[in-house]
Amino acid sequence: MAEEYLNYRNKRLFIENVDFEKLVNKFGTPLYVYSFSELTKNIKAYQEAFSSCKTLFCYACKANSNFELLRIIGRSGFGADIVSGGELFVSLKAGISPKKIVYSGVGKRGDEILYALNSDILMFNVESEEELLEINRIAISLNKKARISFRINPDVDPETHHYIATGLALSKFGIDIKEAEKLYQKAARLKGIEVVGCQMHIGSQLTKLSPIIEAAHKLVGLVKKLNKKGIKISLLDLGGGLGITYKNEKVPALSMLAKRILPLIEELGVTLILEPGRSIVGNTGVLLTKVLYLKNKRNKNFVIIDAGMNDLIRPSLYDAYHEIIPCVNKSNKMIKADIVGPVCESGDFLAKERAMPFVNNNSYLCVRSAGAYGFSMASNYNFRLKPAEVLVKGDKYYLIRDRENLSDLLVNQKTAVGV
Ligand code: LLP
């Protein structure tokens, strides 16, 4: 298996050195399990590939905002790419220095901007002229200067799923590269603004280098023009990281990306910022789930499991493929089945028409590559309880988030007194 931490011993799945059964017996299912060794391996891969230039890696915490994972990622030297006041709060609590936090997103609210300014974050990645003016207004009211970059939309096709492609001209993201110079000049004149950077993020699950390089070249051209006009750019932020292998995607090595980008960074004399999310945590986590029932209708098999679209929405939302393997691998008989959850929606599936070894009810399955955009996109739909999360390190395991319990469902609910 691509993930070294997953292995079968006597046909039983181990996560690092822990038998899956220990985990499901102790914590129940559905259960997210993360590997410490894979996480640190992924972090180091970025640090090593770009070791020859000045860098700041800002982990995109939307990919997985588990508090303990954030603490580990922060301790390794990473900063955070945040998109909300909530992510700012949790990142700061996790010990990430505000000097390593960049703030992305098209719709930052005034109270969130105020919070970020008061926290003295490194940089706002500004996505529109109106947002720029709002940040300026709030910064002046605090007698501060907001450090900003513009998120440039380079109009490059990232060749990924259309829901997660962001770098084309007509997407809601960023400012048109054609408008950029004018806006930078305007920003440079504002009292509450200090221009420091230039940013892009063309999309997620990128498995080709060429769109990233093409877009980066466009940004470099812009930075050179700005520098000539006296607007000094010291931070070049190229957005999210590379994609990961879910099925058989060939993802270029980080060293290849570095080889193409480093000369650009050296030429400009800037600090490189990257905001990887998926490639840090995606293949670090799996979702363990129990088979509840088998059902056959007109020769179609359904494997009904206890994890649903509320736990892992990627297959329902993007038709995403996640490899699903049995936790005890002793059947030679193969079947083809839809692997479906308990949620009352036809779109509630984790796999369709999937060839898999025959499994019985009460057996367990492991959904791979579920560490990114898994738990962080989970919901309580159908009033299902969000799963627990466990971190495995060697032969040790740690509960890093409790499974929700029934009374959690009533938190924040209020009675309309008198109705
Ligand atoms: N920076 C910005 C501004 C972003 O919007 C994102 C992801 C990233 C960085 C991290 O990109 P990554 O390294 O993970 O490719 N829920 C979808 C993915 C949405 C990505 C949103 N933005 C999925 O499950 O595939």
Side-chain angles (χ1 to χ4, degrees), residues 42-43 45-46 56-65 69 73 78-84 87-88 91 101-108 122-127 131 149-154 158-168 171-175 197-209 211-212 215 219 235-247 249 251-252 254 257 272-285 287 309 311-322 350 367-379:
N42 294 341
I43 290 170
Y46 274 93
L56 173 63
F57 300 112
C58 295
Y59 166 66
C61 45
K62 65 173 81 67
N64 188 323
S65 35
L69 297 188
I73 294 168
F78 272 45
D81 164 48
I82 59 155
V83 289
S84 67
E87 288 189 350
L88 175 56
S91 299
I101 294 181
V102 297
Y103 191 170
S104 306
V106 287
K108 305 173 188 76
L122 176 62
M123 170 169 92
F124 292 84
N125 294 331
V126 178
E127 301 230 10
E131 186 196 331
S149 76
F150 282 106
R151 174 170 179 175
I152 306 297
N153 190 318
E159 299 178 41
T160 184
H161 190 287
H162 62 282
Y163 272 23
I164 51 177
T166 51
L168 280 165
S171 96
K172 72 173 175 177
F173 294 100
I175 60 164
C198 190
Q199 194 254 6
M200 70 177 208
H201 169 72
I202 58 171
S204 192
Q205 183 53 9
L206 304 179
T207 54
K208 290 199 178 132
L209 290 183
I212 309 175
L219 251 65
L235 304 172
L236 186 70
D237 181 342
L238 299 183
L242 290 175
I244 62 170
T245 301
Y246 286 98
K247 192 179 185 181
E249 304 90 332
V251 182
L254 270 178
L257 180 66
L272 169 69
I273 299 182
L274 290 177
E275 306 165 353
R278 190 190 311 266
S279 46
I280 300 296
V281 287
N283 279 332
T284 294
L287 176 62
M309 64 191 289
D311 304 301
L312 178 63
I313 203 173
R314 302 193 69 258
S316 308
L317 194 55
Y318 316 113
D319 221 0
Y321 181 96
H322 284 262
L350 291 195
V367 184
R368 284 167 58 184
S369 314
Y373 309 109
F375 189 97
S376 62
M377 294 179 84
S379 76

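Numbers here are sequence positions counted from 1. Excluded from the calculations below are hydrogen atoms, water molecules and symmetry mates; all remaining heavy atoms, backbone and side chain alike, are included. Ligands are counted one by one from 1 in listed order, and the atoms in each one are counted from 1 as well.
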Check your understanding: Atoms of ligand 1 less than 4.0 Å from P276 heavy atoms?
Key -> 13 (O)
Point to revise | P211 vs L206 side-chain heavy atoms within contact, under 4.5 Å | key: no
Exercise for review: Would you mind reporting whether T207 and T245 have side-chain heavy atoms less than 4.5 Å apart?
Suggested key: no
Review point. With no hydrogens and no angle check, is any side-chain donor or acceptor of Q205 less than 3.5 Å from a backbone partner on I244?
Key: yes
Point to revise | Note, E127 side chain near I175 side chain (heavy atom, < 4.5 Å) | key: no
Review point. Backbone or side chain, does any N or O of S279 fall under 3.5 Å from an N or O of ligand 1?
Key: no
Practice item. Is it possible for you to check whether K108 lies under 6.0 Å from the centre of the six-membered ring of F124, through NZ or CZ, and within 45° of that ring's axis? Key: no
Check your understanding: Which ligand 1 atoms, with their elements, are less than 4.0 angstrom from a heavy-atom of M377?
Key -> 16 (N)
Review point. Quick one: does H161 get a heavy atom under 4.0 Å from ligand 1?
Key: no
Check your understanding: When you look for heavy atoms under 4.0 Å from ligand 1, do you find them on the side chain of D81, its backbone, both, or neither?
Key -> side chain
Revision key, fill the gap. the protein heavy atom lying closest to atom 8 (C) of ligand 1 turns out to be H201 CE1, 3.4 Å
Review point. What atoms of ligand 1 come within less than 4.0 Å of a heavy atom belonging to S104?
Key: 3 (C)
Check your understanding: Near Q205, which atoms of ligand 1 are under 4.0 Å from a heavy atom of that residue?
Key -> 15 (O)
Point to revise | Which segment of E275 sits under 4.0 Å of ligand 1 when only heavy atoms are counted | key: both
Point to revise | Backbone or side-chain N or O of Y318 under 3.5 Å from ligand 1 N or O | key: yes
Exercise for review: Distance to 0.1 Å, residue and atom name: give those for the protein heavy atom nearest to atom 24 (O) of ligand 1.
Suggested key: R314 NE, 2.6 Å
Check your understanding: Near A60, which atoms of ligand 1 are under 4.0 Å from a heavy atom of that residue?
Key -> 8 (C), 9 (C), 10 (C)
Review point. Which heavy atom in S316 sits nearest to a heavy atom in M309, and how many Å separate them?
Key: OG-CB, 3.5 Å
Check your understanding: What about G277: any of its N or O atoms under 3.5 Å from an N or O on ligand 1?
Key -> yes
Revision key, fill the gap. Counting from 1 in the order shown, the ligand 1 atoms closer than 4.0 Å to a non-hydrogen atom of G240 are 9 (C), 10 (C), 11 (O), 13 (O)
**Study point:** Within reach of ligand 1, part of R278 (heavy-atom separation under 4.0 Å)
**Key:** both
Review point. Considering only heavy atoms from C-beta outward, does the side chain of I273 approach that of M123 to under 4.5 Å?
Key: yes
Exercise for review: Say whether, by atom type as modelled, one donor and one acceptor occur between the side chain of E249 and the main chain of K247 under 3.5 angstrom.
Suggested key: yes
Check your understanding: Just checking, is any N or O donor in the side chain of N42 or T284 under 3.5 Å from an acceptor N or O on the other one?
Key -> yes
Review point. Which residue owns the protein heavy atom closest to atom 5 (O) of ligand 1, what's the atom, and how far is it?
Key: K62 NZ, 3.3 Å
Review point. Judging by distance only, is a nitrogen or oxygen of Q199 under 3.5 angstrom from one on ligand 1?
Key: no
Check your understanding: Closest non-hydrogen protein atom to atom 19 (C) of ligand 1, residue and atom name please, with distance?
Key -> I164 CG2, 3.5 Å
Check your understanding: Would a distance-only check, ignoring hydrogens and angles, find a side-chain to backbone donor-acceptor pair under 3.5 Å from R151 to H201?
Key -> yes
Considering only distance and modelled atom types, tabulate donor-acceptor pairs under 3.5 Å from the side chains of residues 58-65, sequence neighbours left out.
residue : atom : partner : partner atom : Å
Y59     : OH   : N64     : N            : 3.2
Y59     : OH   : N64     : O            : 2.7
N64     : OD1  : N66     : N            : 3.0
N64     : ND2  : Y34     : OH           : 3.1
N64     : ND2  : G371    : O            : 3.0

Practice item. State which residue, out of N125, D237, L235, L122, fulfils the side chain to side chain contact (heavy atoms under 4.5 Å, CB included) condition with S149. Key: N125
Exercise for review: Examine G241 against ligand 1 and note whether any of their N/O atoms are separated by less than 3.5 Å.
Suggested key: yes
Practice item. For ligand 1, indicate whether the residue S204 contacts it via side chain, backbone, both or neither (heavy-atom separation under 4.0 Å). Key: both
